[in-house]
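Take a look at the structure below.
Keep in mind the model is a prediction, meaning the values are calculated, not measured. Quick note: residue numbers are just sequence positions, from 1.
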Amino acid sequence: MIVQRGLFGVLGLLALGVQGQSDNLGLSGGYITINTTNFNVKIVKNAQVLASLTPSGSSFDFLPYDKLSVRANNGQYHWGDLTFRYRQQGASTWTDGNTATARKPVTAISNSALAASNLAPTLTSSPLNITREWLNVSGDLGLRFTIVNSGTSTIELGSLGFPAEFNSIFTNRQSTDTQRLCSLSDPYVGMHAGYIRANPISGTGAALVVTPLNGTDTPLEAYRNLAETSYSSTGYGSQTFEGFYEWQVLTKAWAEKEWAKVTPWNPPSSRTLAPGQSMQFGVRFSLAKGGVRDLDAAVRGTGTPVAVGVPGYIIPRGSPAQLFLQASSSVSSITSDPSGALTVTQVSTGSYTVTPSTSAWGRVRLTVKYADGKTQTIHYHVTKASTDVLGNLGSFFTTKALFNDTSDPFGRANSIMTYDYEAGAIVSQDPRVWIAGLSDEGGTGAYLATMMKQSLQPNAAEIAKLETFVDKVLWGTIQTSDFAVRKSIFYYDTSTKYPYKTSFNWGSWTSWNKNSAYAIDRAYNYVHVTAAYWSMYRVARAYPSLMKSHTWDWYLEQAYSTIIRAMKNDVGYNRVGLMGETVFGEILTDLTREGKTSEASTLSAAMKSRAAQWDTEAVPYGSEMAWDSTGQEGVYYWTKYFGYTSTMTKTVNSVLGYMPTVPHWGWNGNARRYWDNIYGGKLQRIERQIHHYGSGLNAQVLLSAFRSNPTDWYLLQVGYGGTSGPLSNINQDGFAAASFHSWPDTLKWDGYSGDYGPGFLGMALGSGTYVAQHQTFGTLVYGGSLTSSAGASTVKVTTQGPVRRKVFIGPLGILITTDAGSIDGFSYATDGSSISLTLNQLSGGPSATTAVVWTETTSGSAKYTVSSPSTTQSRQGWAVPLSSSAVTVQLKKA
């Protein structure tokens, strides 16, 4: 992403909003203060909406109480507000109701509730009589609405929503204040099992969960974005304030109008009220006192069903996954939509195997019915087999996205360029010039993903095209002779006589001239080029016969020199964590293995300088943006590498603050991103992005942390969800979209490949097959299948993920990697005495003569060496001869 500096930073692209604000909320009337066992609560007396919600004994507020004076206008939403649509039964037109549109003081009611009111004064006249109550629910806070049809005709209620406000406003805050005061929230649109989870942005301290209120029928059917006026004091709908959403109980009215062309997450529904009939809806606010890792326990404590999917909810065709259901009522049925896409088999009470059919693809919803009448939906995304997904991506981008116009004045011929899947065409021009300029994240997505794919699954024909790209475009055009990297090689200059589209606006700051485009001052751009060279180095080292232009050492030297150039004083942002810079660590490792001690020493010193700086900073996650989720990856890698454990731990917590786990493929492991469609997408708007590149990149932090602490299963559950995310972006043709649009009026993948590449880079570096021992669920496998029986003395696993050269055995604390071939399966003795690998050539790919196997003890003290077959030492590992048949590699304790 690239930012136009100035007032509000990223808001240079957005309207700054109007200035005038009023106290329509009635703050001058004071507050009702309530204390329950678990919460301290402030409710605005006139409006009776929630103003403040802090855990008992804590000053941390989940709500923006400190911003309430600038959030008191009509049209600004708070917990306790209500939106709805209704019509007389049989009518076609819906009527809207909204407590925030034109506020008037509500009518207080005296009853057993903590606070209660009739909402008639703040609503337009209607046949619906609505009361609101704030309740003490076993020490938690409850919110309940009673809706009575006081008219003479039956009413259909087609929409009902509870606006959900949290303190996610970063505008006009220092980074330390944002870290101290703010919280982030994520939904699980799981019907009666649905909830909203919120936690401090720091990832530490008590977390909050909002669940359906017992005694009411309040499913979380959808999660709708709320429109508000944007004021400069808060910047609603901007990079510093994403905006708010609402818990929607009923959605039929929206599905008939605004969402008519979309398949919602859950079937839209409505309710009918006969004259005099009443219905109650409500939610419960509960604490997870132990923080994010205790959220599932807090949900269970409210009587709400909990689901845990392993390895998550993005699963390949034909490969069995595990599903664990924890509920107070028995399961009466489980069905799949589409029918037959998922087959569910019960293993034991609460434990199931979920197997996608061999033809399933895309979104699949499991619906679980419980005996007590509750319904839970669990949302999966089925991909092709992981190896097929990678193959499709490589094929698509090296054919459909290959730009071959040798008359191009910008020198882009022989490039893998940004692709517009909706138009079925390469994006050869865009006013955001970097998208067509093969630099920035927005212009490198296609070529970076394609090149990283080769490091996992090399293909001779694809590599031949990429070698040409390297020699004719990457080296010498994108990159200068002194290893500097340009911000874009496409630019706007009418003197070039290029046929710029007149329908585009070329007057924005985004339409750089040549001098601006050729600037070399953005460190983020150097990562893409570095990773491209490194991927080719790995191919050249393991499969030298595939490479025609250069040997492995040339590519490794290019990668190294690009990093060092990025650290010079004329390059900006090189003192912050960079997206994808885990690859710098891979290069340092490879330099060391290759015996290039001088280069390794220079690179190490450059990285240590940065890590030492970060260790002195309270919030070391600087970025082009006011708040970001990109710097954490680099900060974590190098503070861990150099032993700055306090900052390392703080960074893991930071990632957990914006990366949730819920039973939905879209939000599970989805790192918080909501502005990058402005810079790299086709549909440009501020919106929660699903599996933008943050998922794959931040997953590396959590997976690495898990490898160091394999008893912390939560890290693996979230991290593997994130590293699986980039697979869901790849469609059946092999096109990879920048992200998925989560607003319920859209629910589709973006048309551009855009900035997809860094997410794939993260997946390629972090993914693998992981084994964990869970205290309740037993032995769990992520990226593979457990083939041995429970309690067996030898655990056997087959691998199934996209990266089959990395195995981490959590119970033994051992990481095993290889540079060639494929680890098709492995086994280990539960006493840790031995490990066995099945090493094979890549299926359908080139053959390697040897594969170097490395072992690393990441937790504990056990060391392992290769005992058979006969090997030679190579690059600090063991060179295992490969043949046309599988090779069994035995490892024993050293």
Donor-acceptor pair between R685 and T746 side chains, under 3.5 angstrom: yes
side-chain contact (heavy atoms from CB on, under 4.5 Å) partners for A736, two or more places apart: L393, F397, I730, Y756
Cation-aromatic face contact R85/W94, 6.0 Å, 45 degrees: no
Interatomic distance, Y419 atom OH to K682 atom NZ [nearest 0.5 angstrom]: 10.5 Å
Distance, nearest 0.5 Å, that separates CZ of R688 from CG of N677: 13.0 Å
Distance, nearest 0.5 Å, that separates OG1 of T240 from CZ of F170: 8.5 Å
D440 side chain reached by Y524 side chain, heavy atoms, under 4.5 Å: no
Nearest non-hydrogen partners of H78 and R103, listed with the distance: CD2-NH2, 3.6 Å
Distance (rounded to the nearest 0.5 Å) between S202 OG and Y658 OH: 12.5 Å
Which atom of P663 lies closest to which atom of Y313, heavy atoms considered: CA-CZ, 3.4 Å
Ring centroid separation H379 to W667 under 6.0 Å: no
Donor-acceptor side-chain pairing of Y231 and N73 below 3.5 angstrom: yes
Separation between OH of Y236 and CG of L226, rounded to the nearest 0.5 Å: 5.0 Å
Atom of L50, atom of E165 and distance for their closest heavy-atom approach: O-OE1, 4.2 Å
Flag side-chain contact, heavy atom, 4.5 Å: S183 against N199: no
side-chain contact (heavy atoms from CB on, under 4.5 Å) involving P219 - partner list, sequence neighbours excluded: M191, H192, D217, V249, R271
Worked verdict on T367 versus Q376 for side-chain hydrogen bond (donor to acceptor under 3.5 Å, both in side chains): CA-CA 6 Å; T367 300; Q376 177 174 22; over 6 Å; no
Atom of S742, atom of I690 and distance for their closest heavy-atom approach: CB-CD1, 3.8 Å
Ion pair check, E258 and R224, cut-off under 4.0 Å: no
Lys/Arg N to Asp/Glu carboxylate O, D733 vs K400, below 4.0 Å: no
Student check: side-chain heavy atoms of I201 and L181 closer than 4.5 Å: no
Ring-ring centroid check F162 F145, cutoff 6.0 Å: yes
F396 and F735 aromatic ring geometry - parallel, tilted or perpendicular at 30°/60° bounds: perpendicular
Under 3.5 Å side-chain donor-acceptor pair for T99 and D81: yes
Criterion side-chain hydrogen bond (donor to acceptor under 3.5 Å, both in side chains) on E633 and Q700, from CA distance to verdict: CA-CA 7 Å; E633 176 207 348; Q700 297 175 96; 3.1 Å; yes
Beyond-backbone contact of S739 with R673, side-chain heavy atoms, under 4.5 angstrom: no
Which atom of M763 lies closest to which atom of P726, heavy atoms considered: CB-CG, 3.9 Å
Sub-6.0 Å ring centroid separation between Y380 and W665: no
Straight-line distance of Y195 OH to L208 CG, nearest 0.5 Å: 12.5 Å
Pair Y77-N98, side-chain hydrogen bond (donor to acceptor under 3.5 Å, both in side chains): steps then yes or no: CA-CA 10 Å; Y77 292 99; N98 189 322; 2.8 Å; yes
Under 3.5 Å donor-acceptor, R173 side chain and C182 backbone: no
Any side-chain heavy-atom pair of Y86 and L128 under 4.5 Å: yes
Donor + acceptor pair across side chains of T272, E156 (<3.5 Å): no
Side-chain (D61) to main-chain (L63) donor-acceptor, under 3.5 angstrom: yes
Donor on one side chain, acceptor on other, Q21 and S233, under 3.5 Å: yes
side-chain hydrogen bond (donor to acceptor under 3.5 Å, both in side chains) between S159 and W254, intermediate numbers included: CA-CA 7 Å; S159 172; W254 289 89; 3.0 Å; yes
Electrostatic pair K501-D430, nearest N-O below 4.0 angstrom: no
Heavy-atom pair with the smallest gap, counting every atom of W79 and V210: CH2-CG1, 4.0 Å
Main-chain N/O of Y720 paired with T723 side-chain donor or acceptor, under 3.5 Å: no
Intermediate values then yes/no, side-chain contact (heavy atoms from CB on, under 4.5 Å), M417 and V427: CA-CA 7 Å; M417 288 186 57; V427 181; over 6 Å; no
